[in-house]
There are 2 protein chains.
Amino acid sequence: MAATAFSDVASIDRREEVLAAAAECFMRRGYEATSMDDVAEALGATKGRVYHHFRSKPELFFEVYRRAMAILVNGAAAAEEGGGSAAERLERVSRIHVLSMMETQTFQRSLTLGADLYRFGNAGVHKAVLEELMDIRRSYEDVFRRLFAEGNADGSLGPLDPSLAMRTVLGALNWVAIWYSPQPGETRAHRERLAEDIATQVLGGYLAG
Amino acid sequence: MAATAFSDVASIDRREEVLAAAAECFMRRGYEATSMDDVAEALGATKGRVYHHFRSKPELFFEVYRRAMAILVNGAAAAEEGGGSAAERLERVSRIHVLSMMETQTFQRSLTLGADLYRFGNAGVHKAVLEELMDIRRSYEDVFRRLFAEGNADGSLGPLDPSLAMRTVLGALNWVAIWYSPQPGETRAHRERLAEDIATQVLGGYLAG
DNA sequence: ACGGGGACATACTCAAGAGTATGTTCGGGC
DNA sequence: GCCCGAACATACTCTTGAGTATGTCCCCGT
């Protein structure tokens, strides 16, 4: 049983490798431009391995997307636990968000690709799954919307339209995944510092003044 | 001669139609997923027409990109002419930027696609052209960088890192092209009002204060 | 009125890529 | 020691799509 469990873990790791390679490829070439052979080549393997773990290209992509969203949702939940004013919680959530953009960049990039895919997804990709993915996205965005509304109520944030504020703030934060490129010799402390700077600057205009 | 000139104008318009259709397709499906047949179908024509005006798919895309950048560059130049403090000019440039994101959304979306293409552009697409396009982009970003630096000097903007500020602000502004969807019955006045709101909110955190 | 070229349409070629069908290997349970 | 299934690799099929080659229409100058 222990051996079986160990084997399962190893198996999961192998699947994880495929997922990570796929995220890398999707980030570099986009969804359509990425071939299953590309993913396999990034693994030093062949298509057989990829198709062994994932039924199809859309399913592979959806898993990458789900993983990316899970990272964000878990991060936000952890950041909200500490309590404090809406502004304080918003600041923590934003910092973790930026940190995720930097440290799991390849996965996070797939979020934009997924949104594009949904916007006018042609046939082939299952509408239902995309709908589900967009729901996850929306509920995550609601975290920000709610925090802005709360800040409006508790006075820690200035008067504003929560939806518009959410969009501009998330825009600035998400953009990090686009321009950020990890520097050689960079430590986690560097990234945390950068994330703090960015969050502070971005939220500066929304604080109660 | 007048007839010839008139004919040229008509000819240019026909080319322009292809360009606009291509921008629409690139926005909806992305670069790779867009086929030349898609563009033709959007025109109610065939590939023959597309290839008559543009040598290849990359060249077609590059033209869309160049057009998008030209709109931004011209807008920024016009917005800067009025003079005033760095903060005032920055506010005007930002407003026009957002307005362009909304009103020429299909073209503006290609900018992100182009950047992605450059990041790890595989063979086929000419590296030299992409390099040129990125130079245009960089010089446009320099407008913002310079305005932040000026604002730092003239005291109209708070102390900040111009490069980081440029990235966060442009992130928030560019994101508009991603979520914005024109509403039926929407007028230009609505968009100008929205652009003003967005620019004001985004820049709020950077003003001297 | 006619010859030529611009502005397309039609009909191909050829390669790439998604998905499949069928080996092959190798470790663990009996 | 044998067998079986997980975890791949190999070798196909079949469609899609970029690019090309060629035909057609029509307007414009001479």
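The sequence lines fix the lettering, A, B, ..., with proteins before strands; numbering per chain opens at 1.
Going from atom NZ of A/K57 over to atom C1' of D/dT15 covers 14 Å, rounded to whole Å. The distance between atom CG of A/D13 and atom C1' of D/dA7, rounded to the nearest whole Å, is 15 Å. In this structure, A/M36 places its CE atom 17 Å from P of D/dT10, rounding to the nearest Å. For A/D38 and C/dA18, the CG to C1' distance is 12 Å, given to the nearest whole Å. D/dA9 atom P lies 13 Å from atom CD of A/E41, rounded to whole Å. Put simply, CD on B/E32 is 11 Å from C1' on D/dG17, counting in whole angstrom units. Taking atom CG on A/D37 and atom P on C/dT20, their separation rounds to 15 Å, with Å as the unit. For the pair B/F61 CZ and D/dA18 P, the interatomic distance rounds to 14 Å; values are reported in whole Å.
For residues 17-25 of chain B, proximity to DNA chain C is found at no residue, defined as any non-hydrogen atom under 4.0 angstrom from a strand atom.
A residue-by-residue look at A/G48 and A/T34 shows that A/T34 has its nearest nucleotide of DNA chain C further toward the 5' end.
For the pair A/R15 (side chain) and A/H53 (backbone), a donor-acceptor distance under 3.5 Å is present. Using a distance-only test at 3.5 Å, with no hydrogens or angles considered, no donor-acceptor pair links the side chain of B/R89 to the main chain of B/G82.
If you check D/dC8, D/dT10, C/dC8 against the side chain of A/T46, the one that comes closest is D/dT10. If you check D/dG17, D/dG19, D/dA9 against the side chain of B/K47, the one that comes closest is D/dG19. If you check D/dG19, D/dC8, C/dC8 against the side chain of B/H53, the one that comes closest is C/dC8. Checked against C/dC8, D/dA6, D/dA18, the side chain of B/H52 finds its nearest nucleotide in C/dC8. Comparing C/dG19, D/dA18, D/dA9 by their closest approach to the side chain of A/R49 singles out D/dA9.
Ring-plane geometry between B/F144 and B/Y140 is classed as perpendicular, the angle between the planes exceeding 60 degrees on a 0 to 90 degree scale with a lower cut at 30.
Ionic pairing of B/E80 and B/R146 is present here: one or more N-O contacts between side-chain nitrogen and carboxylate oxygen are shorter than 4.0 angstrom. By the 4.0 Å N-to-carboxylate-O rule, B/R138 lies too far from B/E141 to be salt-bridged with it.
The distance from the CZ atom of B/R145 to the CG atom of B/D161 is 9.5 Å, given to the nearest 0.5 Å. Interatomic distance, CE of B/M27 versus OG1 of B/T112, reported as 11.0 Å (0.5 Å rounding).
Residue A/R14 places none of its side-chain N or O atoms closer than 4.0 Å to OP1 or OP2 of D/dA7.
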